[in-house]
Amino acid sequence: MSIRIYVPKDAAVRSIGADYVALAIEAESAKRGISIDIVRNGTRGALWLEPMVEVETREGRVAYGPVTVSDVDSLFDASFHMGGQHKLSLGLTEDIPWLARQDRVTFARVGVIDPLSLADYQEHGGLVGLRRALTLEQEEIVTEVTQSGLRGRGGAGFPAGIKWRTVMATQSDQKFICCNADEGDSGTFADRMLMEGDPFTLLEGMTIAGLAVGASEGVVYIRSEYPAAYATLNQAIEFARAFGWLGDNVLGSGRAFDIRTRLGGGSYVCGEETAMLESIEGKRGVVRSKPPLPAIFGLFGKPTVINNVLTLATVPAILADGADAYMARGVGRSVGTQVFQLGGNIARGGIVETAFGVTLEELVNDYGSGTLSGLPVRAVQVGGPLGAYLPVSSLNVSMDYESLLAAGGMLGHGGVVVFDESVDMAQQAKFAMEFCAVESCGKCTPCRLGSTRGAETILKIMNGEDVQDNKKLLLDLCEVMTDGSLCAMGGLTPLPVRSAMLHFSEDFDRRARA
Amino acid sequence: MSFTPWSSEAASAVLDTTRDKPGPVLISLQALQNAFGYVPKEAVEMVAKACNVSRADVHGVLTFYHDLRTSPPPRNSVRICVAEACQSVGSQRLVDETERVFGTRMDESNEDVELKSVYCLGNCALGPSAMVNGELIGRSTADALHHLVKAKS
Amino acid sequence: MTLLIEPDYGTPAGKSQDIVEIEIDGVSVSIPSDTSIMRASALAGISIPKLCATDSLNAFGSCRLCVVEIDGRNGTPSSCTTPVSDGMKISTKSERLDRIRQGVMELYMSDHPEKCAAGDECEMHGMAKTVGLKEVRYEGQSHLDLPKDETNPYFTFDSTECIVCNRCVRACDEVQGTFALTIENRGFESRVSSSGTSFIESECVSCGACVQACPTGALTEKTLYTIGTPTRSVITTCAYCGVGCSFKAEMRGDELVRMVPYKQGGANEGHSCVKGRFAWGYATHADRITTPMIREKVTDPWKAVSWEHAIEYSSTKLKAIQSQYGIDSIGGITSSRCTNEEVFVVQKMIRAAFGNNNVDTCARVCHSPTGYGLSQTFGTSAGTQDFESVEHSDVVLLIGANPTAAHPVFASRLKQALRKGTKLIVVDPRQIELVRTPHIEATYHLQLLPGTNVAIINAMAHVIAEEGLIDREFVNARCDLDSFARWEEFISLPENSPEALEALTRVPAEDVRKAARLYATVPNAAIYYGLGVTEHSQGSTMVMGIANLAMATGNIGRKGVGVNPLRGQNNVQGSCDMGSFPHELPGYRHISNPKTREIFEIQWKTVLNAKPGMRIPNMFDSAISNEFKGIYIQGEDIAQSDPNISHVHAALRSMELVIVQDLFLNETSKFAHVFLPGTSFLEKDGTFTNAERRINRVRPVMASKTGKSEWEVTCDLATAMGYEMGYENSSQIMDEIAATTPTFSGVSFAKLDELGSIQWPCNAEHPEGTPVMHVDHFVRGEGRFMVTPYVPTDEKATRKFPLLLTTGRILSQYNVGAQTRRTANVVWHSEDILDIHESDAELRGIEDGSWVKLSSRVGETIMKARITDQVPAGVVYTTFHFPESGANVITTDFSDWATNCPEYKVTAVDIAPSIKGPQGIREHVSLGDVELESIIRMANQIAANVPTNTAPEHAVAHHIEQFWTPYMQERLMKEVDRAALSPIVIKALELDLNHVPS
């Protein structure tokens with residue numbers, strides 16, 4: 001029997017040489033006459049250990065990492081394929097403390113299974129949730145999801161069950177499930193990793209949503225910056241169709257549900273749900289006014305569930321294990337787990353899935369081990385480019401929707417980006433405005449004109465021009481953008497700007513800058 | 001990346017695969033760009049006709065999405081992430097050095113290569129990130145990017 | 001009058017029955033639940049600042065000026081996009097809201113010129129003051145150096161003043177339905193763009209909706225710069241097509257600055273097309289003749305004379321002709337371009353002063369079969385619906401009409417319905433725009449061969465009968481069952497099946513079946529049709545076939561259904577209503593009815609001739625045979641517009657007195673002895689009646705350039721002829737119309753001023769008019785089914801003339817072009833073009849854009865060819881807007897069997913490349929007794945078409961008695977070789993015509 005060796009195929013791991021490692025292992029095994037079977041799994045999410053090669057042994061999967069091509073020879077010399085000791089040995093994967101501490105629900109299979117093997121998927125609990133859903137009434141599914149307390153993981157945190165109920169209750173000849181996989185926030189990559197590492201989970205969640213609300217069609221909108229996720233997901237859809245899961249007769253139930261993918265065109269604002277709908281409809285990705293809510297008038301004017309990848313990918317577990325099991329995790333109204341993503345200037349970056357309520361401190365310093373540069377942490381941006389910059393003094397904040405809001409920030413999609421002390425926070429504030437200027441859809445005035453004016457004004461402050469007046473102007477502008485913008489893009493851009501001005505005011509003072 | 005030379009016949013064939021899909025304009029433009037590397041101005045009317053929308057509709061979509069281009073691409077594309085996570089690990093330095101190494105400016109191109117900024121490639125723990133001809137590169141350096149381009153061109 | 005500023009409530013009116021109570025700034029308001037907060041506020045007299053909202057467009061929510069605060073809700077939602085809900089408490093004013101509004105305006109003004117070209121027109125500067133903006137603190141990038149786009153002849157696009165509110169883009173999409181505008185790029189770089197090209201190269205149809213919607217000076221009428229801002233406005237009615245759009249004529253002194261569509265206009269509700277909106281310059285064009293002119297011979301130069309002299313000269317001549325050639329030797333033609341009042345006095349003059357009924361109208365050549373066909377079946381000669389009705393249709397069956405070119409404002413309304421889900425079936429030989437145009441696609445296009453309309457409508461009806469889709473409940477309750485039984489038997493004949501007719505019509509039988517099912521099975525299906533139905537040898541049969549279809553499926557008598565002729569000219573409906581036909585007094589009452597005559601005889605204090613007079617073709621025939629010698633032509637260029645022009649020219653040449661009343665010298669005036677200058681619609685005071693029977697006021701915006709009203713001239717001439725006629729004003733004429741015509745009895749200028757417009761019938765039963773007709777019963781009592789056998793036209797493709805020519809209009813030009821050719825509309829269309837299919841062109845070696853010779857058996861002309869797939873192989877198409885191309889040199893004098901409406905839509909032709917290029921037109925000489933030939937053909941056609949299957953000879957005799965002149969009847973009886981006549985006609989002639997039961 002050949003030996004199973006796991007080399008991740010995740011785009012992040014490939015970006016640091018996984019393909020070369022896999023090739024080298026293959027070549028070397030051939031040379032040595034060792035029969036191996038390389039599985040290209042997703043990543044376990046400990047990116048600081050990647051490329052992490054796992055070998056299946058009687059004791060379990062044994063990990064080595066980070067592995068480079070030049071290590072392959074010595075790994076074979078150390079009989080790593082038999083679980084042999086090597087300087088890169090990490091022991092049993094499941095015992096790696098960084099992973100063992102986590103509470104994986106949404107990401108339970110990511111990195112574990114062969115992403116495109118339906119057999120592997122089912123062996124690891126796949127399709128249990130869907131099979132249960134097929135025995136339930138629409139109302140029962142919606143109730144289960146509602147009771148689980150699952151909230152939208154895209155950022156807004158709106159209870160998923162309530163949204164589903166609206167769609168379920170709206171009469172229409174056609175309804176849609178739209179998965180928002182336009183993961184554009186800098187510092188976030190969980191959606192991508194899930195789609196690459198366990199795409200069937202997303203499809204299963206969408207199918208359950210379809211059954212729940214009476215929709216027969218699902219669309220996944222993926223950003224074009226994610227070619228690998230797009231390819232993997234398309235492949236998974238084809239396999240699911242061939243399996244008799246997607247299509248006219250879901251697992252022989254007589255119910256229909258199919259999924260197609262749509263690729264974005266390079267536009268951050270298309271992650272805003274209504275702009276996404278416009279983009280799926282093939283139009284300019286311009287934000288719609290609400291009301292009407294997409295749940296009532298959504299894609300092509302039909303009632304539409306719009307959920308983020310992580311939201312939908314969590315649904316199978318809720319159906320499989322019950323609402324209570326999910327609900328038992330978390331704090332307050334932030335129940336269940338969150339998939340935090342540690343990025344930026346961080347020593348140990350990657351995916352940390354854990355119950356809500358972990359502190360930022362734990363994430364940054366315990367999991368993350370501080371900065372990559374080794375310099376002290378100066379600022380942490382939580383929640384993507386529209387999230388606040390928090391100073392070190394705020395690191396004790398509990399990572400849940402409500403606590404972050406109270407701390408003047410927002411959870412967003414769970415991205416945590418660490419900056420060391422070399423950061424220029426005025427520059428970061430200016431960048432927030434510039435980013436908005438580039439990515440604004442251009443519909444509403446505060447965002448369309450305000451973002452450019454904001455960047456110009458911050459530059460003046462940085463250059464020491466009429467600093468007091470321009471600071472006043474900038475704050476006035478922030479208020480107009482916050483209160484006046486049509487969507488969160490313009491409405492939240494002031495968040496990083498204001499937080500930078502508040503917590504790092506010295507960077508807005510030219511004398512101090514000099 | 002190799003592209004078919006533009007011809008209206010070939011474009012028609014491409015549009016035949018997209019025109020009947022729901023909301024076909026953006027996917028039609030994307031399919032044309034996949035096939036030809038760009039969407040020439042003359043395609044606007046073809047897409048409008050195929051999708052039964054106005055030329056203005058197509059023009060609006062074509063100019064909205066930053067992925068879409070109306071001129072042929074240079075042989076190599078280098079996209080560097082300039083969003084926050086990569087900024088925190090020196091993307092500005094990477095940009096400066098890459099500009100120097102390739103002898104062209106960001107968001108400009110020479111015959112050989114086009115340097116473009118991108119906001120996030122989903123590789124935020126392994127920055128600075130870049131994408132060279134569609135291949136994602138983590139912990140990028142200007143020399144590594146240059147090496148990749150030279151290897152491919 | 002001052003400048004009328006119409007209120008703008010920001011968003012469209014709510015339609016919900018659900019009424020909610022809300023409180024706005026402490027004021028309680030009850031309002032439909034689908035109303036926006038903005039509109040509710042505006043209606044309560046509370047004005048919320050806004051820039052991107054206007055009540056002709058759906059709420060958009062982009063400017064963010066209209067933010068409000070709602071008790072119990074976070075944030076500051078935009079009031080335009082937020083609907084009211086019961087119990088809502090709204091504040092429209094607070095310090096926070098002030099700060100947002102000032103902040104937004106500060107951003108706007110940081111990228112807006114300090115001084116706008118539009119001056120007071122620019123809402124921006126006004127709004128800045130309204131929100132209390134004191135200073136603009138930003139400096140930076142702007143769009144203030146962008147170039148202007150001046151390519152459209154009528155308006156300027158100045159991007160520097162553009163605030164990207166999308167109102168123009170949305171107006172083009174939502175109101176006009178052309179989708180010619182977009183925003184290009186995104187974010188700060190977002191700019192309004194006509195698809196990346198200049199306006200003139202874009203898809204823009206210059207309807208003006210964008211200009212009207214623009215809140216700044218970015219889109220501005222050029223006249224605003226050249227003439228200045230207007231100071232007063234007059235509400236009036238457009239004088240182009242039968243849609244009858246209401247406009248505000250905005251004046252500066254006596255100069256017209258612009259025509260702005262009027263939101264209160266019932267027909268157009270604030271929309272317009274390029275002609276009505278912009279192409280009014282002809283009205284004051286230098287070519288206008290404003291002084292009467294006379295000449296002894298048509299070879300003499302014109303001599304300007306006084307009105308008195310011209311009237312004296314004309315009346316003397318007319319009287320002399322009558323004394324020499326008899327009372328029937330003169331007549332007149334009324335114009336569908338003139339007001340009801342002007343038409344009424346002309347027919348009155350002919351009947352009362354000329355003493356005969358030789359009055360006909362240019363509607364003869366367009367919608368006379370509508371009058372005939374609908375009165376036979378429904379009992380009234382008019383469309384059944386108002387335009388708004390189409391919004392309630394599930395299916396629209398569009399036959400032989402091209403609304404986007406000929407009735408653009410109705411087309412926009414239709415497109416709105418189609419985009420909301422109404423399905424469309426097009427029956428037309430051409431691929432008209434509506435078959436497939438951005439965001440609209442017809443479900444079926446039955447692309448039939450020209451001349452096979454009746455076959456198609458019969459085939460559709462056959463399917464409906466065969467497949468059990470007849471609405472028997474409706475038929476039993478509402479229709480004459482004997483006629484229905486006859487019709488059902490007839491229509492069920494196998495020869496009427498789509499399969500049997502497929503070879504003839506060239507329409508796949510399955511398509512006909514599907515289309516028929518679609519029409520018959522939806523709740524509300526409506527038929528709209530145009531001249532592609534009427535201008536055929538079986539025009540009247542087709543109209544009846546359409547009426548049968550509507551009755552059989554119960555699609556009559558409520559919103560969303562009906563039979564709706566799209567009238568070509570502004571007042572076709574009105575001119576017909578006003579008694580312009582030789583056999584009918586106003587209100588479609590037969591001249592032979594003594595009771596009807598009595599009403600007019602008492603009113604007019606004269607005795608009326610009971611015999612029907614001559615139709616236009618009769619007048620021409622009679623002129624050629626030297627019996628008809630004098631004619632008064634009101635505003636119609638028969639020498640260009642009528643078929644077989646050589647025949648028309650010969651007729652005009654043989655007359656002793658041709659009086660032309662018109663704005664310009666034209667083709668007809670080349671044959672005239674007297675030219676009486678007419679008035680443009682800007683000078684007229686009266687009413688037009690549009691295609692939905694809507695009587696609209698035409699108000700003078702400037703003094704008559706001729707010194708007289710047209711009706712005054714007619715009255716003067718009648719008086720000079722010896723019959724005293726006169727009114728103090730045109731309101732008195734309407735009073736006389738109301739006094740003599742039951743369907744108009746409730747109409748007066750005062751009521752029109754009060755209600756805005758009135759759809760007749762307007763009487764004691766319907767004091768405010770009648771939007772939908774035949775609601776509980778048909779006007780004639782029971783709806784009558786008519787048997788409609790398909791009789792092929794004699795005009796057939798032959799080896800010599802293998803192609804079929806059909807004609808039509810295009811958007812920018814209008815009919816004979818007398819108006820539009822004198823405007824900048826020639827930018828879009830400066831010559832008539834022959835459309836030809838690629839295969840026909842290739843066969844003949846014709847290239848796109850090359851000159852071709854077009855010939856039929858009656859004439860030849862030369863024009864440029866355009867190769868297109870809009871016509872099928874075997875069919876060619878052209879417009880008739882330019883006298884140089886002389887399309888009507890080609891058309892024959894074949895006509896509708898019942899009404900003589902010319903068969904413009906089918907002419908057998910051939911085409912060949914023309915190396916020489918434009919050489920002018922050539923008429924083929926007709927040999928033999930053309931008049932007699934035509935009488936024989938008409939009689940045989942009546943026999944072939946007359947819709948009955950019991951005693952057809954009675955029907956033929958009755959028809960001839962009712963509609964033919966005594967002179968024609970006499971010739972038929974005495975001079976025709978019986979061998980040339982069909983047996984039914986011969987049988988009919990053996991009956992005593994005066995004692996035939998009707």
Side-chain angles (χ1 to χ4, degrees), chain A residues 11-16 47-48 50 183-189 191-193 223-229 262-268 279-286 300 341-346 348-350 371-373 381 384-385 415 417-420 423 428 431 435 438-439 441-442, chain B residues 18 21-31 33-34 47 51 53 57-69 79 81-93 107 116-132 134-140 144:
Chain A
V13 189
R14 290 176 66 202
S15 84
I16 48 170
L47 291 169
W48 53 285
E50 296 284 8
E183 186 182 47
D185 286 354
S186 173
T188 64
F189 43 85
D191 293 354
R192 182 185 63 67
M193 283 189 173
R223 62 200 298 256
S224 61
E225 291 83 353
Y226 286 0
R262 274 291 176 94
L263 203 56
S267 164
Y268 175 78
S279 187
I280 297 174
E281 291 179 13
K283 303 174 192 162
R284 294 168 55 79
V286 173
F300 297 107
Q341 300 126 82
L342 311 185
N345 197 335
I346 193 156
R348 296 180 167 187
T371 63
L372 179 69
S373 60
Q381 188 178 28
V417 174
V418 178
F419 292 80
D420 71 15
V423 67
Q428 294 307 118
F431 173 78
F435 178 69
V438 172
E439 296 293 349
C441 79
Chain B
T18 59
K21 296 197 173 165
V25 176
L26 176 57
I27 42 173
S28 294
L29 293 169
Q30 288 171 327
Q33 182 150 313
N34 274 343
V47 173
C51 304
V53 299
D57 287 332
V58 178
H59 178 73
V61 175
L62 182 56
T63 56
F64 182 89
Y65 292 101
H66 286 184
D67 283 354
L68 298 171
R69 54 185 309 143
R79 304 172 79 188
C81 177
V82 295
E84 291 89 339
C86 290
Q87 288 167 11
S88 74
V89 286
S91 63
Q92 187 54 51
R93 214 162 40 241
D107 301 308
K116 253 177 111 172
S117 45
V118 59
Y119 296 97
C120 194
L121 292 162
N123 198 25
C124 316
L126 298 170
S129 299
M131 201 172 246
V132 177
E135 188 185 342
L136 181 64
I137 311 298
R139 303 286 190 225
S140 309

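To find a chain, count down the sequence lines: A is the first, B the second, and so on, and within it residues start at 1. Just so you know, these numbers use all the heavy atoms, side chains as well, and skip hydrogens, waters and symmetry mates. Bear in mind the structure is a predicted one, so any value in this text is a computation, not a measurement.
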Q: Look at A/Val423, A/Ile346, A/Val417 and state which one has the largest set of heavy-atom pairs under 4.5 Å with chain B.
A: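 Highest number of pairs under 4.5 Å: A/Val417.
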Q: Measuring centre to centre across the rings, with the benzene-like ring taken for any Trp, is B/Tyr119 within less than 6.0 Å of A/Phe435?
A: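 Ring centroids of B/Tyr119 and A/Phe435 are less than 6.0 Å from each other.
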Q: Using a cut-off of under 4.5 Å for heavy-atom pairs, which of A/Gly350, A/Gly442, A/Cys441 has the most such pairs with chain B?
A: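 Most heavy-atom pairs within the cutoff with chain B belong to A/Cys441.
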Q: Could you check whether any side-chain N or O of A/Ser15 sits under 3.5 Å from a backbone N or O of B/Ile137, counting only pairs where one atom can act as donor and the other as acceptor?
A: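 Between the backbone of B/Ile137 and the side chain of A/Ser15 there is no qualifying donor-acceptor contact (under 3.5 Å).
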Q: Begin from the C-alpha positions of A/Tyr226 and B/Leu121 and carry the test side-chain contact (heavy atoms from CB on, under 4.5 Å) through to its verdict.
A: CA-CA 7 Å; A/Tyr226 286 0; B/Leu121 292 162; 5.9 Å; no
Q: Could you tell me which non-hydrogen atom of A/Phe189 sits nearest to which non-hydrogen atom of B/Ala125, and how far apart they are?
A: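 In terms of heavy atoms, the two residues are closest at CE2-N, 4.1 Å.
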Q: Top residue by heavy-atom pair count (under 4.5 Å) with chain B, among A/Gly344, A/Gly349, A/Gly187, A/Gly265?
A: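 That would be A/Gly265.
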Q: Please identify, among B/Gly60, B/Pro24, B/Gly127, the residue contributing the most non-hydrogen atom pairs under 4.5 Å to chain A.
A: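 Between B/Gly60, B/Pro24, B/Gly127, the count favours B/Gly60.
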Q: To the nearest 0.5 Å, what is the distance between CG (B/Leu126) and CG (A/Leu372)?
A: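 Taking CG in B/Leu126 and CG in A/Leu372, the distance rounds to 9.5 Å.
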Q: Side chain from CB out, backbone as N, CA, C, O: work out which of these in A/Leu47 comes under 4.5 Å of a heavy atom of chain B, or both, or neither.
A: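 Answer is both: backbone and side chain atoms of A/Leu47 are under 4.5 Å from chain B.
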Q: A/Arg223 versus chain B, heavy atoms under 4.5 Å apart: side chain, backbone, both or neither?
A: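 Contact with chain B is through the side chain of A/Arg223 alone.
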Q: With no hydrogens and no angle check, do the side chains of A/Ser224 and B/Tyr65 hold a donor and an acceptor under 3.5 Å apart?
A: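 The criterion, which ignores hydrogens and geometry beyond distance, is not satisfied for B/Tyr65 and A/Ser224.
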Q: Say you draw a straight line from OG of B/Ser129 to CD1 of A/Ile16; how long is it, rounded to the nearest 0.5 Å?
A: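 CD1 of A/Ile16 is found 10.0 Å from OG of B/Ser129.
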Q: To the nearest 0.5 Å, what is the distance between CG (B/Leu62) and CZ (A/Arg284)?
A: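 Reported value, rounded in 0.5 Å steps: 10.5 Å.
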Q: At a 4.5 Å cut-off on heavy atoms, which part of A/Tyr268 comes close to chain B: side chain, backbone, both, or neither?
A: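 Neither part, no heavy atoms under 4.5 Å.
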Q: Between B/Glu84 (side chain only) and A/Asp185 (backbone N and O only), is there a donor and an acceptor less than 3.5 Å apart?
A: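 Here the side-chain-to-backbone pair does not exist.
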Q: At a 4.5 Å cut-off on heavy atoms, which part of A/Val418 comes close to chain B: side chain, backbone, both, or neither?
A: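 Contact with chain B is through the backbone of A/Val418 alone.
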Q: Heavy-atom pairs under 4.5 Å with chain B - which of A/Gly264, A/Ala229, A/Gly415 has more of them than the others?
A: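 Option with the greatest count: A/Gly264.
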Q: Which bit of A/Pro385 is near chain B, if near means a heavy-atom gap under 4.5 Å: side chain, backbone, both or neither?
A: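 Looking at A/Pro385, backbone and side chain both touch chain B.
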Q: Side chain, backbone, both or neither: which part of A/Thr188 has an atom under 4.5 Å from a heavy atom of chain B?
A: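 For A/Thr188, the backbone is the part near chain B, not the side chain.
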Q: Would you check if the side chain of B/Ser88 reaches a backbone N or O of A/Asn345 as a donor-acceptor pair within less than 3.5 Å?
A: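 Looks like yes, one N/O pair under 3.5 Å.
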Q: For B/Gly23 and A/Phe300, which heavy atoms make the closest approach, and how far apart are they?
A: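 So the minimum-distance heavy-atom pair works out to N-CZ, 3.6 Å.
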Q: Could you tell me which portion of A/Asp191 (side chain, backbone, both or neither) has an atom closer than 4.5 angstrom to a non-hydrogen atom of chain B?
A: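 Contact with chain B is absent: no heavy atom of A/Asp191 under 4.5 Å.
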Q: Side chain of A/Glu225, backbone of B/Gly122: donor and acceptor closer than 3.5 Å?
A: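 A pair under 3.5 Å: no.
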Q: Is chain B contacted by the side chain of A/Glu50, its backbone, both, or neither, given a heavy-atom distance below 4.5 Å?
A: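 Neither part.
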Q: Counting only non-hydrogen atoms closer than 4.5 Å, does A/Thr371 touch chain B with its backbone (N, CA, C, O), its side chain (CB onward), both, or neither?
A: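 For A/Thr371, neither part sits under 4.5 Å from chain B.
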Q: Decide yes or no for B/Gln87 and A/Gln428: does some side-chain heavy atom of the first lie under 4.5 Å from some side-chain heavy atom of the second?
A: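 Yes, at least one pair of side-chain atoms sits under 4.5 Å.
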Q: Which answer fits B/Val118, side chain, backbone, both or neither, if we ask what part of it has an atom under 4.5 Å from a heavy atom of chain A?
A: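 For B/Val118, the side chain is the part near chain A, not the backbone.
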Q: Under a 4.5 Å heavy-atom cut-off, does chain B meet the side chain of A/Ile280, its backbone, both or neither?
A: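 For A/Ile280, the backbone is the part near chain B, not the side chain.
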Q: Would you say B/Lys116 has more than 12 foreign heavy atoms packed within less than 6.0 Å of its NZ?
A: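 Count over threshold, so yes.
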Q: Mind listing the closest non-hydrogen atom pair of B/Cys120 and A/Gly184 along with its distance?
A: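 So the minimum-distance heavy-atom pair works out to CB-O, 3.8 Å.
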Q: Tell me, out of A/Leu342, A/Val286, A/Leu263, who's got the most heavy-atom pairs with chain B below 4.5 Å.
A: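 Heavy-atom pair counts peak at A/Leu263.
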Q: Which distance, rounded to the nearest 0.5 Å, do you find between the CG of B/Leu26 and the CZ of A/Arg262?
A: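 The distance works out to 7.0 Å.
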